[in-house]
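Worksheet: the structure to be examined is printed underneath.
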Amino acid sequence: MKQFLRILGSLLGIHVLGLLFLSFYRCMEFFVLRGMITDQTTAVAPAFIRGLWFDNVMGCYVMIVPLALVLLAACFGYCRRWILRTVAVWFCVLYALLMMASAANIPYFAYFFKNINSSIFEWFGYTGTTAGMVFQEKTWWVYIALYFVLTAVFCWLVWRIMERTTLTTVSRKHWLPSLLITVALVALCLFGIRGRMGYNPIKISQAYYCNDPFLNQLGINPAFNLLTSALDDMRKENAELMLMPYDEAITYVRNSLNITGPADSTKILFRQMRNGDREEEKILTVTKPNIVIILMESMSSALLGKGYTPVLDSLKTQSLYFSNFYSAGIHTNHGMTATLYSFPALMKRNLMKGTVTPKRDGLPTVLKQNGWHNLFFMTHEAQYDNMNAFFRTNGYDEIYAQEDYPKEEIVNSFGVSDHFLFDFALGKLNNIAKQQQPFMATLLTISNHPPYIIPNWFKSSSKEPETQIVEYADWCIGDFLKKAKKESWYDNTVFVVLADHGKLVGTTDSELPQSYNHIPLMIFGAGIPSQEYTHLGMQVDVMPTLLNMLGIDYDYNGFGTDLLHQQRQMVFYSADNQIVARDSTRCFLYHPQMKKSFCYDIGQDGQLIQTHNEEPFASLRRYVFAMEQTAEFLFRQLRMEN
């Protein structure tokens with residue numbers, strides 16, 4: 001019996017040790033990111049208590065197998081040194097994985113304002129690029145180093161505990177009490193895995209206890225969040241987004257987009273756009289102009305007007321500037337599919353990937369059909385996010401990527417710097433302009449994304465890398481436009497400048513901070529008047545708005561609105577696990593996994609004020625549910641067609 005208790009004591013000691021190490025990572029996350037707390041009056045302790053609760057769930061997952069096998073062996077007097085050493089390896093390997101998620105979660109949360117989730121598995125297809133992103137960003141080195149140090153210390157302590165567990169020859173006469181204790185402890189461990197009493201086991205919603213989004217998420221164990229999101233992806237009931245019945249959603253969306261007539265079951269949003277008949281409304285001074293679309297990495301509207309972006313601040317006054325404009329999602333692939341193909345983001349799905357490359361009609365395909373030559377320029381490898389295959393399949397004639405640039409110009413895992421990308425693109429555009437064929441060029445920048453690489457020759461006015469890189473990204477656009485202005489094709493060109501998505505700027509103001517999706521859109525050149533458009537707009541509106549300016553007739557099956565002829569009353573967008581709708585006075589956020597709503601009134605200064613009265617938000621809820629459900633229908637329909 002004494003040996004049984006000694007072994008039990010060693011196992012429980014390791015469990016407590018694991019909880020201490022996981023709690024240390026949470027303390028470190030709190031210390032590093034505590035500036036994200038918006039409600040300074042909220043008690044912090046409940047977040048750590050809930051964190052210990054979730055850590056215990058993961059600890060029980062790790063403990064259940066050794067607890068059952070080792071204690072059963074001890075019950076009958078059969079426990080050997082090799083068994084304890086095997087168990088020690090088990091603990092070391094599994095806790096190393098748990099701590100890896102906790103260590104990685106700190107920089108991940110700092111960038112995305114979300115706990116690490118299954119969307120990271122999208123990155124595993126680009127091992128070299130992802131590894132470069134992780135190891136080339138110097139601010140992440142401390143977390144990598146700390147992870148290896150703490151993991152080594154943990155493993156040494158586990159091994160020491162197991163090696164110091166005394167084993168002796170014992171009698172088997174006390175096997176029954178030992179067996180009963182073992183059964184009770186295994187049952188207790190299973191309860192720990194379940195996490196709570198009641199009908200359902202513990203879910204991430206258990207961590208939410210206040211109105212501060214940072215503290216609510218602090219209590220969630222990162223490995224638990226990663227595991228549950230991966231399991232949710234595999235569950236049949238979660239594989240398909242179900243917010244409302246398809247028929248109801250489609251009818252609502254068709255009405256909101258003023259689509260009349262019978263619905264085509266294969267193209268439920270189909271309508272014929274006849275812009276060529278609006279001769280008196282045309283605002284361009286040229287016919288068939290060139291088009292240059294610059295998609296800026298992470299350029300939130302919150303970064304403008306702070307002294308970091310003199311070029312963009314100047315362009316605001318010299319362009320058709322959309323100041324109340326929103327990105328479709330929080331990842332680059334969302335921004336591209338929404339801007340170029342007028343299809344909204346479906347939370348964390350990458351809509352450019354698939355066993356078969358998806359086919360989409362959009363701005364590139366329409367322009368190509370009407371005589372434009374389309375080019376796409378990116379800084380990184382062409383296969384990243386399936387860009388090469390996707391864009392070549394869907395309207396682009398030429399793709400330029402890292403493989404086309406000199407090796408000495410590659411500065412990190414995301415390829416070349418912005419200034420090189422713009423200079424390279426300028427040379428190609430000069431050549432294509434000589435062919436007397438209009439072109440549409442899309443340039444996807446990268447500099448405002450970790451790891452930040454600022455050229456030694458660039459002199460910035462700020463001291464922090466996060467703002468220095470914004471200054472550099474802004475300068476690159478200005479330098480490109482300055483050089484392009486000297487070329488013969490400049491006066492015959494429409495420029496479209498917007499962000500793929502935003503980023504966290506300043507303090508968090510909601511479950512999904514506005515700075516992630518509030519982005520600038522500027523359209524200028526070829527006679528477009530300078531004015532500010534203050535009504536709502538979003539990335540899916542770029543295609544119909546631009547094609548109206550060009551006076552092109554086309555068939556359309558997208559979600560956008562021509563903003564110059566129809567004002568939007570509401571917009572919608574999403575993040576990895578959230579969907580949002582907003583109008584001029586309210587913002588509604590919904591978490592489908594938790595089935596939880598967050599409601600905010602919009603103050604005069606644009607700040608969000610949380611309210612618990614959900615009744616006035618019913619129209620926003622219905623709107624975003626219908627839009628996302630209809631997008632889900634079209635996504636599945638397209639996948640079957642491909």
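- Between the side chain of D397 and the backbone N or O of H373, no donor-acceptor pair lies under 3.5 Å.
- Under the 4.5 Å side-chain criterion, counting only non-hydrogen atoms from C-beta, F422 is in contact with I477.
- In this pair, F524 and F495 present their aromatic rings parallel. The plane angle is below 30°, not in the 30 to 60° band.
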Check against salt bridge (Lys or Arg N to Asp or Glu O under 4.0 Å), K596 and E511: CA-CA 11 Å; K596 185 175 179 64; E511 287 293 317; over 6 Å; no
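- Listed for the Y516 side chain is a donor-acceptor partner under 3.5 Å among the backbone atoms of F112.
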Would N430 and W489 count as a side-chain contact (heavy atoms from CB on, under 4.5 Å) here? Give the steps. CA-CA 8 Å; N430 288 339; W489 52 265; 2.7 Å; yes
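- Looking at heavy atoms from C-beta onward, F588 lies out of side-chain contact with V580 at the 4.5 angstrom threshold.
- With 3.5 Å as the limit, one finds a donor-acceptor pair spanning the side chains of N324 and Y326.
- Within the 4.5 Å cutoff, no side-chain heavy atoms of Y384 are placed close to those of N388.
- Panel note: side chain T309, backbone V311; no donor-acceptor pair is recorded below 3.5 Å.
- Donor-acceptor pairing under 3.5 Å is lacking for the side chains of Y246 and E248.
- Checking S327 against N517 by side-chain atom types alone, a donor-acceptor pair falls below 3.5 Å.
- Using a 3.5 Å distance cut-off with no hydrogens or angles, the side chains of K503 and S515 do not pair a donor with an acceptor.
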Check step by step if salt bridge (Lys or Arg N to Asp or Glu O under 4.0 Å) holds for K485 and D491. CA-CA 8 Å; K485 202 167 187 177; D491 291 332; over 6 Å; no
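- With values rounded to the nearest 0.5 angstrom, I399 atom CD1 is found 10.0 Å from D404 atom CG.
- For F343 and F559, the gap between ring centers is short of 6.0 Å.
- Side chains of I293 and L498 form a contact here, defined as non-hydrogen atoms less than 4.5 Å apart.
- Put simply, the side chain of M336 does not reach to within 4.5 Å of the side chain of D500, judged on heavy atoms.
- No more than 12 heavy-atom neighbours from other residues, nucleotides or ligands sit within 6.0 angstrom of CG on D247.
- Side chain of S298 to main chain of H449: no donor-acceptor pair is present (N/O by atom type, distance under 3.5 Å, no hydrogens or angles).
- Judged by distance alone, with hydrogens and angles left aside, the side-chain atoms of Q566 form no donor-acceptor pair with the main-chain N or O of T561 at under 3.5 Å.
- With contacts defined as side-chain heavy-atom distances shorter than 4.5 Å, the pair D479/H419 does not qualify.
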Can you check side-chain hydrogen bond (donor to acceptor under 3.5 Å, both in side chains) on D385 and H331, steps first, answer last? CA-CA 11 Å; D385 270 348; H331 297 289; over 6 Å; no
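- Distance check, rounded to the nearest 0.5 Å: CD of Q402 to CD of Q383 gives 9.5 Å.
- We find the CG-CG distance between L367 and L547 to be 6.0 Å, quoted to the nearest 0.5 Å.
- Between A484 and Y490, the shortest heavy-atom contact is O-CB, 3.2 Å.
- Between M299 and L312 the shortest heavy-atom distance is CG-CD1, 3.9 Å.
- The structure places CG of D562 at 4.0 Å from CG of N548, a figure rounded to the nearest 0.5 Å.
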Take E381 and F414 through the test side-chain contact (heavy atoms from CB on, under 4.5 Å) and record every step on the way to the result. CA-CA 7 Å; E381 294 178 340; F414 282 115; over 6 Å; no
Please evaluate residues F480 and D423 with respect to the criterion side-chain contact (heavy atoms from CB on, under 4.5 Å), reporting the C-alpha separation (whole Å), side-chain torsions for both, the decisive distance (0.1 Å), and the verdict. CA-CA 7 Å; F480 170 72; D423 285 344; over 6 Å; no
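- Counting only distance, with no hydrogens or angles, the side chain of N374 and the backbone of G395 share a donor-acceptor pair below 3.5 Å.
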Please test K114 against Q578 for side-chain hydrogen bond (donor to acceptor under 3.5 Å, both in side chains), starting from the C-alpha separation and ending with a verdict. CA-CA 11 Å; K114 298 185 185 306; Q578 299 158 322; 2.5 Å; yes
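- Considering CG of D474 and OG of S447, their distance stands at 12.0 Å, rounded to 0.5 Å.
- The shortest distance between side-chain heavy atoms of I291 and T493 does not fall below 4.5 Å.
- Between the side chain of S597 and the backbone N or O of Y590, no donor-acceptor pair lies under 3.5 Å.
- In this structure, the side chain of Y573 does not engage the main chain of I330 through any donor-acceptor pair within 3.5 Å.
- When atom types are taken as modelled, the side chain of N350 and the backbone of M352 share a donor-acceptor pair closer than 3.5 angstrom.
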Evaluate the side-chain contact (heavy atoms from CB on, under 4.5 Å) criterion for residues L536 and Q569: first the C-alpha distance (whole Å), next the side-chain angles of each, then the deciding distance (0.1 Å), finally the verdict. CA-CA 7 Å; L536 290 166; Q569 302 304 312; over 6 Å; no
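- When all heavy atoms of P289 and L284 are compared, the closest pair comes out as CG-CD1, 3.9 Å.
- The shortest non-hydrogen separation linking V253 to A626 is CG2-O, 3.5 Å.
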Please determine whether side-chain hydrogen bond (donor to acceptor under 3.5 Å, both in side chains) holds for the pair N117 and N225, giving the CA-CA distance in whole Å, both sets of side-chain angles, and the decisive distance to 0.1 Å. CA-CA 6 Å; N117 56 66; N225 199 69; over 6 Å; no
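- The distance between the ring centers of F424 and Y400 falls below 6.0 angstrom.
- N290 and W372 form no side-chain donor-acceptor contact under 3.5 Å, judged by distance and modelled atom types alone.
- No side-chain donor from either of T365 and Y554 sits under 3.5 Å from a side-chain acceptor of the other.
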Check the pair Q531 / Y533 against side-chain hydrogen bond (donor to acceptor under 3.5 Å, both in side chains), numbers first and verdict last. CA-CA 7 Å; Q531 67 181 81; Y533 183 93; over 6 Å; no
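- Under the 3.5 Å distance criterion, the side-chain polar atoms of S342 are left unmatched by any main-chain donor or acceptor of A338.
- Considering R582, M570, R568 in turn, R568 is the only one that fulfils the side-chain contact (heavy atoms from CB on, under 4.5 Å) rule with M538.
- Taking the side chain as every heavy atom from C-beta outward, Q436 and K434 never approach each other to under 4.5 Å.
- Distance check: E403 CD to M378 CE gives 8.5 Å after rounding to the nearest 0.5 Å.
- What you find for A425 and L443 is that their closest heavy atoms are CB-CD2, 3.6 Å.
- Between H535 and Q567 the shortest heavy-atom distance is NE2-NE2, 3.0 Å.
- Side-chain N/O atoms of Y108 and S119 include a donor and acceptor closer than 3.5 Å.
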